[in-house]
Amino acid sequence: MTTPVFSDEIFAAASLHLNVVDDFIAIAQAKLATVTGEFARDSMADLLAGLDEQREAYRATLEATLPVTALAA
């Protein structure tokens with residue numbers, strides 16, 4: 001079985017995206033803590049569930065790949 005090699009740029013972009021998703025999750029969680037309406041709370045909870053799925057997908061991608069420069073070391 002061969003391991004796919006991804007470019008440093010793709011790895012860096014995925015890392016950046018993960019950081020942005022993490023920041024957005026923190027913002028959404030803070031807003032959720034202030035929401036009192038049931039519909040708004042449900043809506044925010046759905047948003048957070050989707051963001052959690054995105055975060056896990058980025059984490060899995062990053063864990064499965066190494067930057068090309070890491071292979072040269």
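Bear in mind that the values here come from a model prediction, so they are computed numbers and not experimental data.
- Side-chain N or O atoms of Arg55 include none that pairs as donor or acceptor with a backbone N or O of Asp22 at under 3.5 Å.
- Annotation: the span from Arg41 atom CZ to Asp46 atom CG amounts to 12.5 Å, rounded to 0.5 Å.
- Atom CG of Leu62 is separated from atom NE2 of His17 by 10.5 Å, given to the nearest 0.5 angstrom.
- With a 4.5 Å cut-off on side-chain heavy atoms, Glu56 and Arg59 count as touching.
- Residue Ile25 forms a side-chain contact (heavy atoms from CB on, under 4.5 Å) with just one option from Val21, Asp23, Ile27, and that option is Val21.
- A donor-acceptor pair under 3.5 Å links the side-chain atoms of Ser15 to the main chain of Phe11, judged by distance alone.
- Atom-to-atom distance recorded for Phe24:CZ and Gln54:CD is 9.0 Å, nearest 0.5 angstrom.
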